[in-house]
Number of protein chains: 2
Amino acid sequence: MFEGKKGTMNKQSKTFTNRQTVTAQDVADKAGVSRASVSRTFTSNGSIAPETREKVMRAASELGYQVNFLAQGLNRKRSQLIGVVVARLSDPFRSSLLESLLTEIHEKGYQALVTEVKNQEQLEETIRQFTQYRVSGVVVTSGQPPTELVSECVQHNIPVVGINRHMDLPYVDFVCSDNKMGAELALAQLLQSKCRALGWLNYKGSTWAGVNRGKTYRRLVESKQPEFGLTLSDLTAFEDGYEGGRAAAHDYCLSLKTGSVSKLDGIFCANAQLACGFLDGMRECGFEAPKEFHLIGFDDTQITAQYSYRLTTIRQNTSAMASQAIACLEARGADANSAQRIEMIPVSLVCRHTSPMND
Amino acid sequence: MFEGKKGTMNKQSKTFTNRQTVTAQDVADKAGVSRASVSRTFTSNGSIAPETREKVMRAASELGYQVNFLAQGLNRKRSQLIGVVVARLSDPFRSSLLESLLTEIHEKGYQALVTEVKNQEQLEETIRQFTQYRVSGVVVTSGQPPTELVSECVQHNIPVVGINRHMDLPYVDFVCSDNKMGAELALAQLLQSKCRALGWLNYKGSTWAGVNRGKTYRRLVESKQPEFGLTLSDLTAFEDGYEGGRAAAHDYCLSLKTGSVSKLDGIFCANAQLACGFLDGMRECGFEAPKEFHLIGFDDTQITAQYSYRLTTIRQNTSAMASQAIACLEARGADANSAQRIEMIPVSLVCRHTSPMND
DNA sequence: TCATTCAATGAACACGTGTTCATTGATTTG
DNA sequence: CAAATCAATGAACACGTGTTCATTGAATGA
């Protein structure tokens with residue numbers, strides 16, 4: 001009797017002083033079972049009688065019990081967090097990719113630890129902090145992580161996947177839009193529109209994806225050269241994004257006037273931002289697409305669909321990329337030694353005004 | 001001798017089997033001090049002799065020791081995580097705000113737990129998961145968290161701050177762009193341009209911020225009405241974002257033709273996406289700004305600066321908003337009972353082509 | 001010289017969970 | 001009916017850290 005009362009007192013005083021933390025032990029007490037049974041109820045790991053589970057569930061919901069993820073992660077040596085490295089969210093494609101990643105991550109029951117990196121050393125610090133939170137995986141959408149750091153992750157048994165970004169390390173998986181397919185779609189469209197004097201526009205300090213797209217496109221054009229008599233000129237932007245594309249257009253028009261380059265009739269851009277800038281820059285110089293040249297961009301962001309641009313683009317399937325990326329992480333989490341996966345995600349051509357559909 | 005060898009064996013076998021986890025105890029062993037001293041070295045909490053600290057630091061760096069944040073958080077009952085609720089990152093303003101938040105969060109030594117919410121129940125689940133990770137604070141940039149959920153956070157001693165979003169709950173702080181100042185700047189600009197027939201464009205199911213901007217603007221216009229003889233008409237978009245604005249323009253032009261409305265000469269939009277859409281919609285109908293009407297938007301996103309739009313806008317200072325938001329969280333984390341803070345962040349007018357600067 | 005103060009240190013506890021291991025009781029098999 | 005299997009359960013340990021508390025030794029004051 002006395003002990004019972006004392007217990008009650010303790011219980012009450014406890015619920016008063018730190019009401020914020022109701023632990024599995026409290027649930028166990030209330031349900032009249034052991035704490036282990038509570039744990040089993042929520043992890044569905046061991047075996048447990050249905051009626052016991054029922055009792056526990058009722059007690060838990062009455063007390064408002066929630067599992068402490070920190071304790072859970074500490075015990076399991078792994079949290080339900082996934083680290084995501086992003087950069088330059090001002091690029092609509094980047095934020096769109098992030099959006100797809102967040103959706104996928106939550107759907108699979110994880111939480112996203114998002115970091116924006118501006119330079120190399122930040123990236124190192126970031127990944128190190130990811131490991132300190134014992135993340136279940138790391139998605140790199142930007143930046144080039146140093147080799148030793150990534151292998152440190154591998155040693156810690158943390159899966160790493162790169163999106164549109166090749167890291168040639170064993171055990172590091174890789175999800176990428178099919179740039180070859182993109183090049184084929186773009187070239188087919190331009191050829192069908194009778195374009196022969198082709199141009200490729202990219203930022204000078206472009207990402208791996210941009211460089212790869214350029215290489216792939218050039219290779220393809222050269223293979224078709226004999227058949228169609230093509231030329232391919234490089235247009236270089238010295239700044240990234242919209243303003244870079246616009247300036248490149250100005251440069252190009254100037255060169256046209258001085259006659260140092262010949263006129264191009266089909267231009268392919270490494271990304272949508274560059275393409276929109278280029279389109280506007282050409283307008284400022286009095287050239288309009290598709291009348292005077294055809295223009296195709298990469299990334300199908302919202303802005304490309306807008307009336308003032310209506311850009312023909314190669315559309316990347318961000319949700320497919322996101323879902324493949326998380327699938328890679330889970331697969332490698334299950335078997336760290338599985339073969340390196342390289343997932344090519346199909347792209348599609350979206351025909352709009354700057355290079356319209358031919359009949 | 002035998003024991004020593006056995007100890008070494010254990011050590012080695014340990015470093016081999018789970019090399020991934022080097023704990024504070026390992027550092028302590030190597031440095032010849034107690035584990036408590038290692039903890040003190042890294043928390044700078046208790047007092048410790050400089051030479052001891054030095055020894056520990058050396059051992060730690062040689063072993064590559066890193067604090068386990070999960071264990072740390074479990075012990076401190078609080079992690080270094082900050083939960084961020086976002087939505088619709090396809091809106092450039094949202095992603096820009098998120099970017100500023102990420103920067104600020106990392107600068108202050110936290111990590112960001114980012115969740116995108118699509119509906120109300122997701123929001124509930126999300127915030128619940130935040131509490132399970134014992135976050136140091138929650139930033140809500142979207143959605144309207146249910147009252148009881150927020151007060152649950154407050155009970156758990158988790159600070160909550162809303163950005164551009166009022167939750168009239170005690171202990172919940174609030175950072176907001178100064179909509180009154182925005183209204184004043186916009187109206188002054190339009191008045192100076194001799195606009196008298198004013199319009200206000202907003203999405204029908206707008207956010208709190210949009211509604212508030214509308215109310216504030218209307219109040220201001222009404223107060224100036226006697227002096228200038230103003231009229232203010234509501235234009236309603238039935239869809240959000242760019243397409244909503246565009247459709248609203250079409251509707252408006254149609255009404256103009258049928259004569260059911262009179263012509264407006266100065267239009268103010270609740271956000272930049274709507275404004276760009278409206279501008280394009282008017283173009284399609286043959287009306288151009290600023291020749292036939294003046295147009296001002298809210299949010300100064302990258303797209304508004306582009307050549308095809310050059311939209312005059314009210315610029316929100318996202319980095320100031322972010323830094324104030326985190327400051328609120330820290331202040332309330334230190335003193336949970338402090339008075340509710342309401343931080344108004346000044347905005348500024350960016351004059352561009354759709355309502356140019358007057359001389 | 002002795003009493004006092006104080007910085008520095010290590011042992012021990014707490015944080016809240018997952019999981020192993022032995023035990024128990026019921027059910028099935030021969 | 002006896003033996004064997006098996007699901008269900010609770011006690012105990014482990015995860016890696018921060019922090020309190022007592023102890024120690026040196027430095028300071030009278």
Side-chain angles (χ1 to χ4, degrees), chain A residues 10 14-15 17-56 59-60 63-80 131-134 136 156-157, chain B residues 10 14 17-56 59-60 63-80 129 131-134 136 156-157:
Chain A
N10 272 347
K14 183 167 188 184
T15 44
T17 51
N18 50 355
R19 161 171 181 64
Q20 59 262 36
T21 46
V22 36
T23 136
Q25 185 64 58
D26 298 337
V27 179
D29 290 350
K30 175 147 194 166
V33 299
S34 79
R35 198 179 54 71
S37 294
V38 178
S39 180
R40 278 190 266 264
T41 299
F42 284 99
T43 55
S44 70
N45 209 338
S47 71
I48 188 169
E51 55 266 28
T52 314
R53 156 177 249 117
E54 189 62 31
K55 273 194 295 181
V56 171
L63 263 51
Y65 169 71
Q66 296 166 205
V67 177
N68 183 327
F69 283 158
L70 298 177
Q72 184 181 72
L74 173 61
N75 192 311
R76 288 186 174 161
K77 295 163 163 280
R78 176 140 316 183
S79 67
Q80 287 290 95
T131 70
Q132 294 185 268
Y133 274 108
R134 302 291 187 264
S136 289
H156 286 235
N157 226 337
Chain B
N10 272 346
K14 182 167 189 185
T17 51
N18 51 354
R19 163 171 180 62
Q20 58 264 36
T21 48
V22 35
T23 138
Q25 185 64 59
D26 298 337
V27 178
D29 290 350
K30 175 146 193 167
V33 299
S34 79
R35 198 179 55 70
S37 294
V38 177
S39 180
R40 279 190 266 265
T41 299
F42 284 100
T43 55
S44 69
N45 208 339
S47 71
I48 189 169
E51 55 267 29
T52 312
R53 156 177 249 117
E54 188 61 31
K55 273 193 298 183
V56 171
L63 263 53
Y65 169 72
Q66 296 166 204
V67 177
N68 182 330
F69 283 158
L70 298 177
Q72 184 181 72
L74 173 61
N75 192 313
R76 289 186 175 160
K77 297 163 161 279
R78 176 140 316 183
S79 68
Q80 286 291 95
Q129 291 197 357
T131 70
Q132 293 184 270
Y133 274 109
R134 301 291 187 265
S136 290
H156 286 236
N157 226 338

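Proteins come first, then strands; the chains are lettered A, B, ... in the order of their sequence lines, and each starts at number 1. Predicted model, so just to flag it, every value in this text is computed and none were measured.
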> Roughly how far apart are A:H156 NE2 and A:K77 NZ, rounded to 0.5 Å?
Replying inline: 11.5 Å
>> Taking A:Y133's backbone N and O only, do any of them form a donor-acceptor pair with A:S79's side chain (distance below 3.5 Å, no angle check)?
In response: yes
>> Between the base of C:dG18 and the side chain of A:R35, is one N or O donor paired with an acceptor at under 3.5 angstrom?
In response: yes
> Once you round it to whole Å, what is the distance between C1' of D:dC15 and CG of A:N157?
Replying inline: 17 Å
> Counting any heavy atom closer than 4.0 Å, what does B:Y65 reach on the DNA or RNA strands: base, sugar-phosphate only, or nothing?
Replying inline: sugar-phosphate
>> Counting only heavy atoms and a strict 4.0 angstrom limit, can you tell me which residues of residues 66-74 of chain A come near DNA chain C?
In response: A:Q66, A:V67, A:N68, A:A71, A:Q72
Identify each donor-acceptor pair in which a side-chain atom of residues 65-72 of chain B lies under 3.5 Å from a protein atom, sequence neighbours left out, and give them as a table.
{"residue": "B:Q66", "atom": "NE2", "partner": "A:T131", "partner atom": "OG1", "Å": "3.0"}
{"residue": "B:N68", "atom": "OD1", "partner": "B:L70", "partner atom": "N", "Å": "2.8"}
{"residue": "B:N68", "atom": "OD1", "partner": "B:A71", "partner atom": "N", "Å": "3.2"}

> What are the two closest non-hydrogen atoms of A:L63 and A:V22, and how far apart are they?
Replying inline: O-CG1, 3.8 Å
> Reckon B:V38 touches a base, only the sugar-phosphate, or nothing at all at heavy-atom distances under 4.0 Å?
Replying inline: nothing
>> Under 4.0 Å from OP1 or OP2 of D:dT19: is there any side-chain N or O of B:S39 that close?
In response: no
> What's the CZ-P distance between A:R76 and C:dT20, to the nearest Å?
Replying inline: 12 Å
>> Does D:dG10 have OP1 or OP2 under 4.0 Å away from a side-chain N or O of A:S37?
In response: yes
>> Does a side-chain N or O of A:T21 approach OP1 or OP2 of C:dG16 to a distance below 4.0 Å, or not?
In response: yes
>> Is there a side-chain contact between A:R134 and B:T21 in this structure, where contact means two heavy atoms from C-beta onward sitting under 4.5 Å apart?
In response: yes
> Starting at CD of A:Q80 and ending at C1' of C:dT17, how long is that distance when rounded to a whole Å?
Replying inline: 14 Å
> Of the nucleotides C:dT19, D:dT9, C:dG18, which has the atom closest to the A:T43 side chain?
Replying inline: C:dG18
>> Please confirm whether the shortest side-chain N or O distance from B:T52 to OP1 or OP2 of C:dT9 is below 4.0 Å.
In response: yes
> Separation of B:K55 atom NZ from C:dT9 atom P, in whole Å?
Replying inline: 8 Å
> What about B:R134, does its side chain sit under 3.5 Å from the base of C:dG16 through a donor-acceptor pair?
Replying inline: no
> Across the strands shown, which category fits A:A24 at heavy-atom distances under 4.0 angstrom: base, sugar-phosphate, nothing?
Replying inline: sugar-phosphate
> Between A:N75 (CG) and D:dT17 (C1'), how many Å, whole number?
Replying inline: 14 Å
> Is the closest side-chain heavy-atom distance between B:V38 and B:K30 below 4.5 Å?
Replying inline: no
> Could you give the CZ-to-P distance, from A:F42 to C:dT17, as a whole number of Å?
Replying inline: 9 Å
>> Between B:S47 and C:dA8, is there a contact of a side-chain N or O with OP1 or OP2 at under 4.0 Å?
In response: yes
>> Check this one for me: any side-chain N or O of A:K77 less than 4.0 Å away from OP1 or OP2 of D:dG16?
In response: yes
> Shortest non-hydrogen contact from A:A59 to A:A31?
Replying inline: CB-CB, 3.9 Å
>> Whole angstroms only, please: what is the CD-C1' distance between A:E51 and D:dT9?
In response: 12 Å
>> Give me each pair satisfying salt bridge (charged side-chain N to carboxylate O under 4.0 Å, His left out) with a member in residues 35-54 of chain B, each pair once, sequence neighbours excluded.
In response: B:E54-B:R58
> How long is the line joining CZ of B:R78 and C1' of D:dT19, in whole Å?
Replying inline: 17 Å
